[in-house]
Participant: 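Structure incoming, see below.
Order of appearance sets the numbers: ligands from 1, and atoms from 1 within every ligand. Heavy-atom basis, side chains included; hydrogens, waters and symmetry copies ignored.
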Amino acid sequence: MPDEHDDDIVLSALGDDELALQMHDDLYDGLKDEIAEGTQILLARGWGPEQVLEDALVQGMRIVGQDFRDGILFVPEVLLAANAMKVGMEILRPLLAEVGAEPIGKVVIGTVKGDIHDIGKNLVAIMLEGAGFEVIDLGINTDVDEYLAALEEHRPVILGMSALLTTTMPYMKVVVDEMVKRRIRDDYIVLVGGAPLNEEFGEAVGADAYCRDAAVAADTASTLVKKRRGEL
Ligand code: B1M
């Protein structure tokens with residue numbers, strides 16, 4: 001992966017594909033400034049924000065994830081990579097979320113109790129904003145009381161939950177079961193997502209839909225809200 005010549009690389013001198021590959025390396029090395037610069041260069045060259053996100057950032061994070069899984073990278077390095085990714089996402093956020101119209105509705109979203117992974121959930125929040133939703137982000141490590149208090153306070157049309165650990169994903173059922181118990185389950189559309197989940201799991205916890213990625217989450221949210229309002 002990265003080498004000792006990184007200091008010598010002038011990002012603006014690289015072609016588009018080379019630059020995207022260099023950004024994978026820079027993400028791997030947790031180099032925030034380089035990620036910010038690379039993101040700006042690609043945008044200035046006419047790349048759309050979705051393309052920068054997917055080809056330069058998400059692909060790079062995939063490599064980080066593989067090496068984390070294989071024991072090549074450890075938590076501190078992955079945290080640095082995650083922070084560099086966030087810098088890129090912050091630049092893209094307003095571009096992805098450019099809508100300007102009245103919000104379609106509110107979404108309350110959070111990563112479940114015991115889980116501190118938030119990159120994917122943040123991406124989903126950005127894409128939902130881009131699709132015209134107002135997003136209330138509860139952050140990480142969200143327990144059932146926090147979810148329910150937010151539903152009560154904000155009266156969203158959708159509740160979204162994220163989990164990245166096999167040990168935390170069952171907590172989604174705790175939240176849905178509590179909603180059933182309080183007879184409010186059907187007042188909301190419940191969407192779930194996160195790398196270890198699948199459609200079957202979504203059904204098993206009683207969600208309305210499992211969303212494979214942020215783009216699917218935005219599409220599913222729009223479709224289900226329109227259906228609920230009888231517009232489809
Ligand atoms: Co952790 N971690 N991690 N980690 N981490 C994983 C998830 C893991 C798969 C790595 C591995 O072993 N290969 C593994 C889980 C294994 C398992 O449960 N089967 C793991 C582990 C074990 C751990 C720790 C336990 C490690 C330890 O301490 N020994 C620990 C747990 C801490 C905790 O939560 N209590 C831990 C810690 C961390 C860091 C803090 C270092 C860091 C998180 C930083 C942060 O988020 N701020 C981290 C990271 C970065 C990862 C990996 C490398 C990358 C996750 C990520 O950001 N992906 C991850 C490996 C991997 O997934 N390949 C890993 C990029 C992101 C864009 O994708 O999150 O999948 P993703 O989100 C997608 C979709 O899933 C979907 O849309 C998103 C965008 O397209 N989606 C939703 C997600 N949420 C949604 C919600 C929705 C809809 C769609 O609602 C409607």
Side-chain angles (χ1 to χ4, degrees), residues 24 27-28 30 32 49-50 52-90 92-93 96 105-131 133 135-143 147 156-172 175-176 188-199 201-202 205 207-225:
H24 298 172
L27 202 58
Y28 195 92
K32 284 187 193 176
E50 285 100 348
V52 179
L53 181 65
E54 180 56 35
D55 294 355
L57 300 180
V58 172
Q59 287 295 348
M61 205 62 201
R62 233 162 247 157
I63 301 168
V64 172
Q66 284 158 9
D67 282 4
F68 186 36
R69 179 195 61 210
D70 297 342
I72 298 164
L73 287 181
F74 296 96
V75 170
E77 289 119 318
V78 178
L79 261 181
L80 284 178
N83 286 337
M85 168 117 185
K86 281 184 184 174
V87 171
M89 274 163 58
E90 279 312 308
L92 298 176
R93 175 188 288 273
L96 291 166
K106 292 184 190 174
V107 179
V108 160
I109 191 166
T111 301
V112 298
K113 186 177 169 188
D115 201 321
I116 63 168
H117 295 87
D118 68 354
I119 297 176
K121 183 261 300 160
N122 294 346
L123 261 180
V124 172
I126 292 174
M127 296 300 276
L128 285 169
E129 283 172 9
F133 289 92
V135 178
I136 294 108
D137 187 345
L138 304 179
I140 54 174
N141 196 22
T142 313
D143 72 19
Y147 280 118
V157 59
I158 294 174
L159 168 65
M161 291 187 277
S162 177
L164 265 284
L165 298 172
T166 44
T167 48
T168 57
M169 57 193 232
Y171 195 78
M172 292 173 167
V175 179
V176 175
Y188 305 94
I189 295 165
V190 177
L191 302 181
V192 295
L197 278 62
N198 57 28
E199 228 158 299
F201 179 82
V205 297
D208 290 285
Y210 152 73
C211 308
R212 191 183 61 240
D213 60 33
V216 169
D219 280 351
T220 308
S222 303
T223 305
L224 293 186
V225 168

Participant: Less than 4.0 Å between a side-chain N and a carboxylate O, is that true for Glu54 and Arg62?
Facilitator: yes
Participant: Number the atoms of ligand 1 from 1 as they appear, then name those within less than 4.0 Å of a heavy atom of Lys86, with their elements.
Facilitator: 47 (N)
Participant: Between Asp208, Leu80, Val75, Leu123, which one has a non-hydrogen atom sitting closest to atom 27 (C) of ligand 1?
Facilitator: Val75
Participant: Judged by non-hydrogen atoms, does Pro196 sit under 4.0 Å from ligand 1?
Facilitator: no
Participant: Measuring from atom 75 (O) of ligand 1, which candidate in Ala217, Ala207, Ala195, Gly160 has the nearest non-hydrogen atom?
Facilitator: Ala195
Participant: List the steps and the verdict of salt bridge (Lys or Arg N to Asp or Glu O under 4.0 Å) for Arg212 and Glu199.
Facilitator: CA-CA 9 Å; Arg212 191 183 61 240; Glu199 228 158 299; over 6 Å; no
Participant: I'd like to know if the side chain of Asp118 reaches the main chain of Lys121, judged simply by a donor and an acceptor atom lying under 3.5 Å from each other, with no hydrogens or angles considered.
Facilitator: no
Participant: Taking the non-hydrogen atoms of Asp115, is any one of them nearer than 4.0 angstrom to ligand 1?
Facilitator: yes
Participant: Measuring from atom 87 (C) of ligand 1, which candidate in Gly202, Gly193, Ala214 has the nearest non-hydrogen atom?
Facilitator: Gly193
Participant: Arg62: heavy atom below 4.0 Å from ligand 1, yes or no?
Facilitator: no
Participant: Mind checking whether Ile116 has an N or O less than 3.5 Å away from an N or O of ligand 1?
Facilitator: yes
Participant: Got Met89 and Ile119 here, is their nearest side-chain heavy-atom distance under 4.5 Å?
Facilitator: yes
Participant: Out of Asp118, Val107, Leu73, who gets a non-hydrogen atom closest to atom 45 (C) of ligand 1?
Facilitator: Asp118
Participant: Does Val64 have a heavy atom less than 4.0 Å from any atom of ligand 1?
Facilitator: no
Participant: Given the protein's heavy atoms, is any one of them under 4.0 Å from atom 51 (C) of ligand 1?
Facilitator: yes
Participant: Please lay out, stage by stage, how Leu80 and Lys32 fare under the test side-chain contact (heavy atoms from CB on, under 4.5 Å).
Facilitator: CA-CA 8 Å; Leu80 284 178; Lys32 284 187 193 176; over 6 Å; no
Participant: Could you find the nearest protein heavy atom to atom 65 (C) of ligand 1 and give me its residue, atom name and distance?
Facilitator: Met61 CG, 4.0 Å
Participant: For Ile109 and Ile136, run side-chain contact (heavy atoms from CB on, under 4.5 Å): C-alpha distance rounded to whole Å, both residues' side-chain angles, the deciding distance at 0.1 Å, then the answer.
Facilitator: CA-CA 6 Å; Ile109 191 166; Ile136 294 108; over 6 Å; no
Participant: Could you name the option among His117, Gln66, Arg212 that has the heavy atom nearest to atom 43 (C) of ligand 1?
Facilitator: His117
Participant: Compare every heavy atom of Ala209 with every heavy atom of Thr220, then report the nearest pair and how far apart it is.
Facilitator: CG2-CB, 3.7 Å
Participant: Taking both backbone and side-chain atoms of Asp213, is any N or O found less than 3.5 Å from an N or O belonging to ligand 1?
Facilitator: no
Participant: Please test Lys106 against Phe133 for side-chain contact (heavy atoms from CB on, under 4.5 Å), starting from the C-alpha separation and ending with a verdict.
Facilitator: CA-CA 6 Å; Lys106 292 184 190 174; Phe133 289 92; over 6 Å; no
Participant: Check whether any side-chain N or O of Asn141 sits under 3.5 Å from a backbone N or O of Gly114 as a donor-acceptor pair, and report yes or no.
Facilitator: yes
Participant: So which heavy atom in the protein is nearest atom 10 (C) of ligand 1, and how far is it from that ligand atom?
Facilitator: Phe68 CD2, 3.6 Å
Participant: List the closest protein heavy-atom neighbour of atom 84 (N) of ligand 1: residue, atom name, distance to the nearest 0.1 Å.
Facilitator: Ser162 OG, 2.7 Å
Participant: Among protein heavy atoms, which lies nearest atom 12 (O) of ligand 1, and at what distance?
Facilitator: Arg69 CA, 3.9 Å
Participant: Do the non-hydrogen side-chain atoms of Leu27 and Met85 ever get within less than 4.5 Å of each other?
Facilitator: yes
Participant: Among Val192, Leu197, Thr111, Val108, exactly one meets side-chain contact (heavy atoms from CB on, under 4.5 Å) together with Met161. Which residue is that?
Facilitator: Val192
Participant: Going by the order shown, which atoms of ligand 1 are within less than 4.0 Å of some heavy atom of Val124?
Facilitator: 77 (O), 81 (N), 82 (C), 85 (C), 88 (C), 89 (C)
Participant: Run the numbers on Val190 and Val176 for side-chain contact (heavy atoms from CB on, under 4.5 Å), then give the verdict.
Facilitator: CA-CA 8 Å; Val190 177; Val176 175; 4.3 Å; yes
Participant: From the options Ala209, Pro76, Gly120, Gly194, select the one whose nearest heavy atom is closest to atom 66 (C) of ligand 1.
Facilitator: Gly120
Participant: Of the protein's non-hydrogen atoms, which lies at the shortest distance from atom 7 (C) of ligand 1, and what is that distance?
Facilitator: Leu164 O, 3.4 Å
Participant: Heavy atom to atom 42 (C) of ligand 1, shortest distance: which of Ile119, Leu128, Leu191, Val78 holds it?
Facilitator: Val78
Participant: What is the nearest protein non-hydrogen atom to atom 44 (C) of ligand 1, stated with its residue, atom name and distance?
Facilitator: Ala82 CB, 3.9 Å
Participant: Which protein heavy atom lies closest to atom 60 (C) of ligand 1, and at what distance to 0.1 Å?
Facilitator: Gly65 CA, 3.9 Å
Participant: Are side-chain N/O atoms of Tyr171 and Asp115 paired as donor and acceptor at under 3.5 Å?
Facilitator: no
Participant: What protein heavy atom lies closest to atom 18 (O) of ligand 1? Include the residue and the distance to one decimal.
Facilitator: Thr166 N, 2.9 Å
Participant: Select the closest option to atom 21 (C) of ligand 1 among Val112, Leu165, Asp67, judged by heavy-atom distance.
Facilitator: Leu165
Participant: Would a search of protein heavy atoms around atom 39 (C) of ligand 1 find one under 4.0 Å away?
Facilitator: no
